[in-house]
Participant: 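Pasting a structure below so you can have a look.
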Amino acid sequence: MTVMEAIGRRFSVRKFKPYEIEDDRLERVLEAARLAPSARNLQEWRFVVVREPRMRAALAEASNGQGFVGEAPAVIVACATSTEHVMSCGLHCFPIDVSIAMAYMTLAAAEEELGTCWIGAFNADKVKELLGIPEGVIVVGLLPIGYPDAEAPSKTRLAMDEIVMPERWRD
Ligand SMILES: Cc1cc2nc3c(=O)[nH]c(=O)nc-3n(C[C@H](O)[C@H](O)[C@H](O)COP(=O)(O)O)c2cc1C
């Protein structure tokens, strides 16, 4: 599968088949995160892989009650260990670095015929408490992952000429 095919295949999966994910498939998804780029090669990402059903249910509750989070056979909780680095452009490194790794995982998952849904709506304090994540570590996002039990909807996206400007900014 090409990268473009994986990009085309990926969609937010909110219904999962009740099958476990084979360890080797999950490892390849996590390998995509491990190989992702990061500012100054900080690699400040850490991933808690939750497979235990009661903990998944608790994570769903902490995700504003989004029940499908707990129905996925695994939830990858993506965290950042160092938050102090700021690039000269003024942006913090950590949300960008961890998000790139998460995006890579969504594409690697698509290649493995697995579905994911990026979860940004969650109570970070609750997630940290549940998983014993220490104070200085930030939870950036959750990624429920499993075999999709849904068809890909057509993508609703802006047209190319609405987002790309040749040479200069244009209103
Ligand atoms: C940073 C971020 C946070 C998101 N948070 C949630 C969420 O909490 N719950 C949810 O169901 N979808 C969430 N999504 C999924 C988006 O709604 C989805 O990506 C978007 O509607 C485009 O649809 P697609 O992923 O199927 O292409 C999130 C996506 C991103 C990138």
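No experiment lies behind these values; they were computed from the predicted model shown. Counting starts at 1 for both ligands and their atoms, in listed order.
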Participant: Tell me if the CD atom of E151 is crowded by more than 12 foreign heavy atoms within 6.0 Å.
Facilitator: no
Participant: Do any pairs count as a salt bridge (Lys or Arg N to Asp or Glu O under 4.0 Å) and have a residue in residues 122-133, sequence neighbours left out, and if so which ones?
Facilitator: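 For residues 122-133, and leaving out neighbouring residues, the salt bridge (Lys or Arg N to Asp or Glu O under 4.0 Å) pairs sorted by first residue read K126-E129.
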Participant: Would you please write out the protein residues whose heavy atoms approach any atom of ligand 1 to under 4.0 angstrom, listed by chain and number?
Facilitator: R10, F11, S12, R14, Q66, F68, C117, W118, I119, G120, A121, K155, R157
Participant: Between T81 (side chain only) and E44 (backbone N and O only), is there a donor and an acceptor less than 3.5 Å apart?
Facilitator: yes
Participant: In terms of hydrophobic clustering (I, L, V, M, F, W, Y; side-chain heavy atoms under 4.5 Å; direct or indirect links), are V69 and V49 co-clustered?
Facilitator: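 Looking at the clustering, V49 is in a separate group from V69.
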Participant: Sub-3.5 Å donor-acceptor pair from the side chain of R46 to the main-chain atoms of Q43, do we have one?
Facilitator: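 Judged by distance alone, yes, a pair lies under 3.5 Å.
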Participant: Please walk me through it: do V75 and I119 pass side chain to side chain contact (heavy atoms under 4.5 Å, CB included)?
Facilitator: CA-CA 10 Å; V75 182; I119 301 296; over 6 Å; no
